[in-house]
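Okay, structure first, notes after.
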Amino acid sequence: MDKRKIVFAGCGGITGAWMNALSAFDDVEVVGLCDLDPERIAAFEERWKVAPAAKGKDLERVIRDSGADTVFDCTIPEAHPLVTLTALECGCDVLGEKPMAPSIAEAKSMAAAAKKAGKTYAVIQNRRYQPAIRRFRRAIAEADLGALTTLDVDFYIGAHFGGFRAEMDHVLLLDMAIHTFDQARYLSGADPVSVFAADWNPSGSWYRHGAAAVAFFEMSNGLRFTYRGSWCSEGLNTSWEGDWRAVCEQGSIAWDGAGDVHGEREAGGESLIHDFAPLPIPDEEQLELTGHGGVIREFLDSLRNGTKPMTDCSDNIRSIAMVLAAVESAETGRPVEIAKEI
Ligand SMILES: NC(=O)c1ccc[n+]([C@@H]2O[C@H](COP(=O)([O-])OP(=O)(O)OC[C@H]3O[C@@H](n4cnc5c(N)ncnc54)[C@H](O)[C@@H]3O)[C@@H](O)[C@H]2O)c1
């Protein structure tokens, strides 16, 4: 079988999730490692027992010398545009970590470069490959409760990362909310129309900027999506997937982001508060591959079959547009429209 020849750009913490996933695949081979920090490359080689044909800081050279056809971009968010554009120019397909880019202009240029090169550039949105979110999504789709009118999520996790996150601007919106906003699109099938958002750094925060945020989105089909989140709240953590409520015309469904999905349907009555009946909830879907493994497998299969992966940049740009519009709203104090043509 022809193996995809992979260069990892960025050899830091998240590559563990990628390499664990790759261990189940026999159609990939790591041929190159690129990182600005040689110690990160050495640690990667040691941990995963790989002997790359090329390694170093210069991505173009590593791709050329290793004969790679695919780049896995695991660098920090600011580096994603340069890494992706370089990889595409060198004729590689790219699967990159979230978030796509720190600005919508850069995200657009990356999507345009992929199209021009006739290559695939897709983004890791590993939350889409979790059995629990798929169960909640099915519960909403199959409940027959009328239109989904409101989607609310709370995300509260006191996360002590250090590293690049401690220093970056709008850390919660840019580095974390991309998951939650993409989940909202995945759950509802709706696209963003506009957002009004604020972020701030609460006293006691161990981040430099924007560790807490709220955002109110208008979505297509009249759906409203609300988000409240913090990365510097101690105690009463939600799950990483968030604590969700979906409100439909005739009932509501809740998901704690882990194993609990439950709901109620309006069941008539004459009093102020009507009666409700519990909703039947579908069983959890069995997925062969979850998280990173699911997205990477779909990406590799799409290259073989000539199909578009679910998180292709042409779709994922609408999720990063939600993030960047929320950042703009937080900076200007005004609602921001999200262009339809994105
Ligand atoms: N999908 C998820 O659930 C998930 C979880 C954690 C992190 N991430 C994402 O993964 C990415 C990396 O995060 P991390 O936690 O591994 O960070 P990290 O700091 O541990 O690793 C990033 C690495 O990239 C290297 N790097 C930076 N700029 C580079 C460049 N121009 N060329 C080559 N190497 C470069 C750094 O030297 C570092 O070794 C981020 O985009 C982050 O948001 C995703």
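Remember, predicted model here, so these are calculated numbers, not experimental data. Just so you know, ligand 1 is whichever comes first in the structure, and atom 1 is the first atom listed for that ligand.
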Return the residue, atom name and 0.1 Å-rounded distance of the protein heavy atom closest to [atom].
atom                    : answer
atom 27 (C) of ligand 1 : Ile76 CG1, 3.8 Å
atom 44 (C) of ligand 1 : Glu97 OE1, 3.0 Å
atom 41 (O) of ligand 1 : Lys98 O, 2.9 Å
atom 18 (P) of ligand 1 : Arg40 NH1, 3.6 Å

- Would you check if the side chain of Thr149 reaches a backbone N or O of Leu223 as a donor-acceptor pair within less than 3.5 Å? no

Side chains of [X] and [Y]: is there a donor and an acceptor less than 3.5 Å apart?
X      : Y      : answer
His80  : Glu106 : no
Asn316 : Thr311 : no
Gln125 : Tyr186 : no
Asp243 : Thr238 : no

Nearest neighbour of [atom] from the list [options], on a heavy-atom basis:
atom                    : options                     : value
atom 13 (O) of ligand 1 : Phe8, Phe164, Trp18         : Phe164
atom 40 (C) of ligand 1 : Thr75, Leu36, Ile14         : Thr75
atom 12 (C) of ligand 1 : Gly96, Cys74, Gly13, Gly163 : Cys74

Can you tell me if [X] contacts ligand 1 (heavy atom of the residue under 4.0 Å from the ligand)?
X      : answer
Glu78  : no
Arg165 : yes
Asp35  : yes
Ala9   : no

Run the numbers for me: atoms of ligand 1, each under 4.0 Å from some heavy atom of [X], listed by number.
X      : answer
Pro77  : 40 (C), 41 (O)
His179 : 1 (N), 2 (C), 3 (O)
Gly10  : 24 (O), 34 (N)
His292 : 1 (N), 2 (C)
Asp175 : 42 (C), 43 (O)
Asn126 : 1 (N), 2 (C), 3 (O)
His80  : 41 (O)
Ala79  : 28 (N), 31 (N)

How are the rings of [X] and [Y] set to each other: parallel, tilted or perpendicular (split at 30° and 60°)?
X      : Y      : result
His160 : Trp206 : parallel
Phe44  : Phe8   : tilted
His209 : His170 : perpendicular

- Note on the structure: Taking every heavy atom of Phe276 against every heavy atom of Glu266, the minimum-distance pair comes out as CD2-CA, 3.8 Å

- Task: Return the minimal non-hydrogen interatomic distance between Met110 and Ala101, and the atom names on each side.
- Result: SD-CB, 3.7 Å

- Task: Look at Asp312 together with Lys115 and state whether they make a salt bridge at an N to O cut-off of under 4.0 Å.
- Result: no

- Thinking salt bridges, do Asp175 and Lys98 make one under a 4.0 Å N-O criterion? yes

- Arg165 to Tyr207 six-membered ring, cation-pi geometry met (6.0 Å, 45°): no

- Side chain, backbone, both or neither: the part of Leu59 lying under 4.0 Å from ligand 1 by heavy atom: neither

- Query: Does any N/O atom on Thr15 come nearer than 3.5 Å to any N/O atom on ligand 1?
  - Reply: no

